[in-house]
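What follows is a single structure, written as structure tokens, with notes after it.
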Amino acid sequence: QVQLVESGGGSVQAGGSLRLSCAASGDAWRTYCMGWFRQAPGKEREGVAAIDGDGSTKYADSVKGRFTTSKDIAKNTLYLQMNSLKPEDTAMYYCAADSQFSGSWCRDLRPRANYWGQGTQVTVSA
């Protein structure tokens, strides 16, 4: 099994930055694919960014050029650096993980991961 714990959320003004972290514990092979999703009130969960075991990344068009995801393999921790934040980035952000076998969502960012964190709130004010 895998446990995912997010941190780093908070409130920031538009144009500001935040860095989210996701500490993973458990079977390392189940975290070959890791990524970030977000869900705003009344909206469906959407993919933000993902990274696979080969280091390949995928970003939603809405965050390209502003967000960067990376992974510290030694710590098995995933990061999301968010710059130039906009009010529309306001949402609960969730970390997700999966094995290589089940991690096709690393390429298309569809929210079908097997493992999810509890989420961390990001609020961006105008």
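This is a predicted model, so every value here is computed, not measured.
- Counting all heavy atoms, side chain and backbone alike, Leu4 lies closest to Ala24 at CD2-CB, 3.6 Å.
- Ring centroid separation for the pair Phe67 and Trp36 does not come in under the 6.0 Å cut-off.
- A donor-acceptor contact closer than 3.5 angstrom links the side chains of Ser17 and Asn83.
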### Task
Output, in order, the C-alpha distance, side-chain angles, deciding distance and verdict of salt bridge (Lys or Arg N to Asp or Glu O under 4.0 Å) for Lys86 and Asp89.
CA-CA 5 Å; Lys86 304 175 181 180; Asp89 294 318; over 6 Å; no
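- Looking at heavy atoms from C-beta onward, Lys43 lies out of side-chain contact with Arg38 at the 4.5 angstrom threshold.
- For Glu44, the CD atom is loosely surrounded, since the number of other residues' heavy atoms within 6.0 Å does not exceed 12.
- The hydrophobic clustering, which links ILVMFWY residues whose side-chain heavy atoms are closer than 4.5 Å, places Leu109 and Tyr94 apart.
- The side-chain heavy atoms of Tyr32 and Asp54, taken from C-beta on, include a pair separated by under 4.5 Å.
- Crowding of Gln118 atom CD: a count of heavy atoms from other residues, nucleotides or ligands under 6.0 Å not exceeding 12.
- Hydrophobic clustering, with ILVMFWY side chains joined whenever heavy atoms are under 4.5 angstrom apart, groups Val48 together with Met82.
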### Task
Step by step, work out the salt bridge (Lys or Arg N to Asp or Glu O under 4.0 Å) result for Lys58 and Asp108.
CA-CA 8 Å; Lys58 175 74 173 180; Asp108 59 26; over 6 Å; no
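- Side-chain polar atoms of Tyr115 and Asp27 form no donor-acceptor pair below 3.5 angstrom.
- Side-chain contact between Thr90 and Val122 is absent, with no heavy atoms from C-beta onward closer than 4.5 Å.
- Counting heavy atoms from C-beta on, the side chains of Arg45 and Trp116 come closer than 4.5 Å.
- Between Met34 and Asp98 there is no side-chain heavy-atom pair separated by less than 4.5 Å.
- Both the sub-6.0 Å distance and the 45° axial angle are satisfied by Arg19 relative to the ring of Tyr79.
- With no hydrogens or angles considered, a side-chain donor-acceptor pair links Ser104 and Arg112 at under 3.5 Å.
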